[in-house]
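Both ligands and their constituent atoms are indexed starting at 1 by order of listing.
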Amino acid sequence: MSESSTPAQALTPLRDFITAFSALLDQHPDEARIREEGGSLLAKLVSRDDWLPDAYAQPHPEYYQQMLLHCDSAERFSIVSFVWGPGQRTPIHNHTVWGLIGMLRGAEYSQPFVIDADGTPRPHGEAVRLEPGRVEAVSPAIGDIHRVHNAFDDRVSISIHVYGANIGAVRRHVFPETGGSKSFISGYSNSTLPNPWDRSKDPAAS
Ligand code: FE2
C-alpha cells in the first residue's frame with residue numbers, strides 16, 4: 001500500500017459507515033426506519049469494493065466465514081463480512097434481530113422459509129439473488145428465516161451484514177429440513193479487527 005493510501009485511509013468508507021449508523025441509532029428510530037435509512041447507508045458502503053482488507057476476505061475451504069468488522073460499544077449493532085467459498089451455504093436459520101445484507105463481491109441467493117404447523121421448514125416465495133450493491137433485510141417483523149448460498153461454484157462471494165445486536169453472541173436457531181430446531185450461538189471466525197481509527201495522516205485530523 002502506498003504512502004498516499006494508508007490502511008486506515010483505505011478504511012474510510014467503513015469508518016464513515018460506522019459513524020453514520022451510530023448517529024442514526026442515536027435518534028432511536030423504529031425498526032422500519034433502521035431498515036430503510038440504515039439500508040441506504042449500507043448500499044453506499046457496498047457501492048464500492050475497494051476497502052475490505054484482504055485479511056477479512058479470505059474463504060475457508062470447508063466453512064463460510066463470519067468475520068466481525070466492528071461491534072458498537074453498546075452492542076446496538078455489529079458489522080460482519082460474510083465470506084463464501086465456492087458453493088458454500090448456510091443451514092436454514094433465523095437471526096432474532098433485524099439484519100441488513102449488502103452484497104459486496106460475487107453474488108448470493110437467499111431463500112426465505114416459514115415453519116409449518118408440523119415444525120418442518122417450507123420455502124416461502126422465490127429465492128432472491130443479490131448482486132453487488134444490492135441490500136436485503138431480515139427480521140422477526142418481516143421474515144427472519146432463510147438459507148443463503150454462494151451463487152457461484154467457482155469463486156468467492158462476499159456480503160457485508162449489519163445486525164441489531166452483537167450477532168456472534170446471540171442465541172438463535174437452525175431448522176433441519178426434517179423438522180424441529182437446534183439453538184446455536186455463531187461466534188466469529190476472526191479474533192482481531194480492522195482498524196479504521198488511525199486518522200494521523202488524515203488532513204482533516206485535528
Ligand atoms: Fe442469515
Side-chain angles (χ1 to χ4, degrees), residues 17 21 31-32 34-36 38-39 41-43 45-46 52 56-57 59-60 62-72 75-116 119-152 156-177 179-190:
F17 176 81
F21 213 98
E31 188 192 292
I34 293 171
R35 292 198 305 267
E36 182 170 337
L41 294 172
L42 181 58
L45 179 66
V46 297
L52 183 67
Y56 303 93
H60 184 280
E62 287 177 62
Y63 316 105
Y64 61 88
Q65 299 277 81
Q66 184 167 290
M67 313 284 268
L68 180 66
L69 301 180
H70 176 77
C71 186
D72 176 61
E75 298 182 271
R76 298 177 301 171
F77 70 101
S78 53
I79 308 170
V80 175
S81 162
F82 241 80
V83 184
W84 304 96
Q88 289 177 348
R89 64 171 51 207
T90 67
I92 302 167
H93 65 276
N94 69 359
H95 312 83
T96 77
V97 294
W98 58 260
L100 296 164
I101 300 155
M103 203 71 217
L104 183 73
R105 191 178 304 173
E108 70 188 34
Y109 284 101
S110 172
Q111 171 64 60
F113 282 82
V114 291
I115 305 302
D116 272 342
T120 56
R122 174 169 52 84
H124 182 68
E126 294 290 305
V128 176
R129 181 182 169 109
L130 292 182
E131 301 287 349
R134 173 121 181 238
V135 172
E136 280 285 310
V138 290
S139 95
I142 60 167
D144 193 36
I145 301 174
H146 69 168
R147 178 165 58 198
V148 184
H149 71 274
N150 189 347
F152 296 102
V156 170
S157 292
I158 300 176
S159 49
I160 304 299
H161 301 196
V162 187
Y163 298 98
N166 177 3
I167 192 65
V170 173
R171 182 174 295 281
R172 43 206 181 110
H173 293 88
V174 294
F175 302 92
E177 292 188 47
S181 66
K182 268 173 51 181
S183 79
F184 78 106
I185 298 173
S186 70
Y188 297 109
S189 308
N190 55 323

- Task: Give a yes or no answer on whether the side chain of Thr90 reaches the backbone of Val148 with a donor-acceptor pair at less than 3.5 Å.
- Result: yes
- Message: Can you tell me how far apart CD1 (Ile115) and CD1 (Ile92) are? Round to the nearest 0.5 Å.
- Response: 7.0 Å
- Message: Is the distance between the ring centroids of Phe82 and His161 under 6.0 Å?
- Response: yes
- Message: Tell me if the centroids of the rings in His146 and His124 come within less than 6.0 Å of each other.
- Response: no
- Item | side chain to side chain contact (heavy atoms under 4.5 Å, CB included) against Arg89, all qualifying residues, sequence neighbours excluded | Arg147, His149
- Excluding waters, which protein N, O or S atoms are within less than 2.8 Å of the Fe ion (ligand 1)? His93 NE2, His95 NE2, His146 NE2
- Are more than 12 heavy atoms from other residues, nucleotides or ligands located less than 6.0 Å from atom OH of Tyr63? no
